[in-house]
Amino acid sequence: MPEKKRPGIIASQAEDYPRWYQDVIAKAELADNGPVRGTMVIRPYGYAIWERIQSEIDRRIKAAGALNAYFPLFIPESYLHREAEHVEGFSPELAVVTYGGGKVLEEPAVVRPTSETIINAYFAKWIQSYRDLPLLINQWANVVRWELRPRLFLRTTEFLWQEGHTAHATAEEAHQYALKILREVYEDFMVNVMAVPVIAGRKTARERFPGADQSWTCEGMMRDQKALQMGTSHELGQRFSKMFGTKFQSGEGEVYVWQTSWGVSTRLLGALIMAHGDDSGLCLPPLLAPVQVVVIPVTSDDEVRSTAGAILRDLASAGHRAEMDARTSSSYGRRVTGWELKGVPLRIEVGHRELTMGNVTITTRDLGEKKVIPVPSVAGEVQEALVAIQKRMLDGARSFRKENTHEFTSLDDAIAYVAQGGFATLPWRSVGPDGETSIAREGLSVRCLVAEDGSLPVRIEDNDTMAVIGKAY
RNA sequence: CGGGAAGUAGCGCAGUUUGGUCAGCGCGCAGCGUUUGGGACGCUGAGGCCGGGGGUUCGAAUCCCCCCUUCCCGACCA
């Protein structure tokens with residue numbers, strides 16, 4: 001019975017969405033809470049998904065010209081204090097080491113909440129000439145931000161991410177690079193690999209990164225119609241370079257470099273769960289799934305097993321990430337349910353019923369559609385189905401977002417709508433900083449600003465700048 | 001960090017009001033057998049300093065104090 005939800009295994013989204021989210025994480029074996037509040041154990045299956053996220057993003061980052069490096073976990077406390085907004089923004093969530101080697105440290109070491117400061121200390125050493133620019137660096141690291149209200153993947157005290165840091169000769173070049181990362185790395189990955197449509201836009205002053213001149217964001221809509229900030233790219237201007245003396249000589253004298261920083265984190269796993277999951281559990285887009293196809297022999301006899309084995313070999317040699325679940329001591333139903341919870345896009349069942357005709361059954365995770373196909377055409381069918389699922393998941397997420405996004409002219413109407421969930425768009429001039437303050441009291445926020453045609457706004461003062469309002473994670 | 005709820009076997013829970021056969025149930029787990037097309041069934045069995053620490057008491061899962069953790073709702077954030 002395709003698409004019929006089996007109650008009792010996990011909570012349904014409709015009855016209790018937060019509970020559903022936790023159930024999926026537990027049942028799909030993605031993560032556990034750590035012993036210290038807000039910490040997280042990422043389990044092998046969850047980490048396998050993270051590794052796929054990493055490799056897709058890393059490839060795009062390198063294509064954008066940045067190189068990976070690694071900077072220390074510990075940052076001298078004084079570094080944070082050099083940029084006023086930066087330290088003000090991060091102070092409440094810092095973990096600070098005051099003891100080391102059994103002694104009180106002369107200068108406390110901050111566990112990095114982000115690395116702008118320490119990286120600038122080294123950029124300042126490395127940059128002397130325009131020939132050293134642009135300097136494009138990325139690092140994959142853990143960071144710590146002491147969280148008051150943690151949620152697995154979405155908001156944990158320690159999380160994994162990549163943070164890019166760049167230095168440019170001109171403001172325009174930095175601006176263009178920040179947008180390049182936003183579009184060609186983040187948006188491209190989120191849309192084309194995660195199958196999550198995102199709104200690329202500009203943050204308001206209120207929502208901006210502490211220490212940035214401008215922040216750009218990719219905002220996604222989850223199945224509960226709430227917004228999730230999935231990645232940000234910042235124009236730091238010259239704030240950090242002036243504080244750290246990151247400069248070079250030019251005809252007009254010394255020039256402080258123009259900088260960007262940008263990151264995505266393990267929060268993307270939360271986005272993946274909430275953008276695509278259903279009452280049967282996780283639902284992974286084929287391009288990101290660690291296991292794309294699972295082959296399930298219904299029984300343990302030789303005929304079924306050898307056919308299943310042959311199919312597995314076919315799939316592997318066709319380049320698919322395939323796995324066999326031959327644990328026939330577990331019932332068929334249990335195995336199937338387990339793989340559904342884990343979101344594997346395709347399932348191939350090998351059993352006598354259709355094997356007598358030389359057929360097997362192929363089932364899609366997203367729709368639960370079953371199709372009986374001849375064994376020799378399995379690899380081809382799988383290829384087609386994976387492409388179809390990837391497209392369908394993006395289309396589905398797109399139409400879901402469209403159905404739950406409406407345009408308004410008055411702020412009150414927009415608030416009334418968003419209170420029920422979804423996104424409201426309306427002219428930014430109808431909101432403004434005062435409107436932002438008032439909607440914050442309703443638990444709402446301006447997720448980002450976009451131009452009326454959906455492109456990135458050039459100047460927010462422009463009359464056609466639209467605000468996207470939603471309830472956010 | 002404020003306001004609520006809760007921590008008893010891997011998971012979900014009963015027991016706490018009225019201290020004393022309350023160390024129990026379901027699922028899972030192990031062994032054996034029968035099964036295998038949507039979380040199979042029977043029998044047998046293992047498993048718990050009742051979140052941690054202090055206290056009250058002849059006696060504490062149960063009463064008191066402190067701490068930790070989780071969940072929900074707010075304020076702050078990737």
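Sequence lines set the chain letters: A, B, ... in the order given, protein chains first and strands last, and positions in each chain run from 1.
The gap from the C1' atom of B:G53 to that of B:U69 amounts to 15 Å, rounded to the nearest Å.
Counting only heavy atoms from C-beta outward, the side chains of A:Pro113 and A:Glu93 never approach each other to under 4.5 Å.
In this structure, the CZ atom of A:Arg149 is 6 Å from the P atom of B:C72, given to the nearest Å.
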Enumerate the protein-to-nucleotides 30-36 of chain B contacts in which both atoms are nitrogen or oxygen and the separation is below 3.5 Å.
| residue | atom | partner | partner atom | Å |
| --- | --- | --- | --- | --- |
| B:U36 | O2' | A:Val298 | O | 3.0 |
| B:U36 | O2 | A:Thr328 | O | 3.1 |
| B:U36 | N3 | A:Thr328 | O | 3.3 |
| B:U36 | O4 | A:Ser300 | OG | 3.3 |

Contacts under 3.5 Å, N or O only, protein and nucleotides 69-71 of chain B:
| residue | atom | partner | partner atom | Å |
| --- | --- | --- | --- | --- |
| B:U69 | OP1 | A:Arg37 | N | 3.3 |
| B:U70 | OP1 | A:Gly38 | N | 3.4 |
| B:U70 | OP2 | A:Arg37 | NH1 | 2.8 |
| B:C71 | O3' | A:Gln22 | OE1 | 3.1 |

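Ranking B:A78, B:G38, B:A75 by closeness to the A:Phe159 side chain, first place goes to B:A78. In this structure, of B:C76, B:A78, B:G37, it is B:G37 that holds the atom nearest to the side chain of A:Thr361. When distances run from any side-chain atom of A:Arg206 to the nucleotides B:A78, B:C76, B:G39, the shortest one goes to B:C76. In this structure, of B:A78, B:G38, B:G37, it is B:G38 that holds the atom nearest to the side chain of A:Glu340.
Among the atoms of the strands shown, none is found under 4.0 Å from any heavy atom of A:Thr114.
A salt bridge links A:Asp58 to A:Lys62: one of the charged nitrogens lies within less than 4.0 Å of a carboxylate oxygen.
Of the side-chain N and O atoms in A:Arg334, one or more sit less than 4.0 angstrom from OP1 or OP2 of B:G28.
For A:Lys27 and A:Gly89, each mapped to the nucleotide of RNA chain B holding its nearest heavy atom, the one lying further toward the 5' end belongs to A:Lys27.
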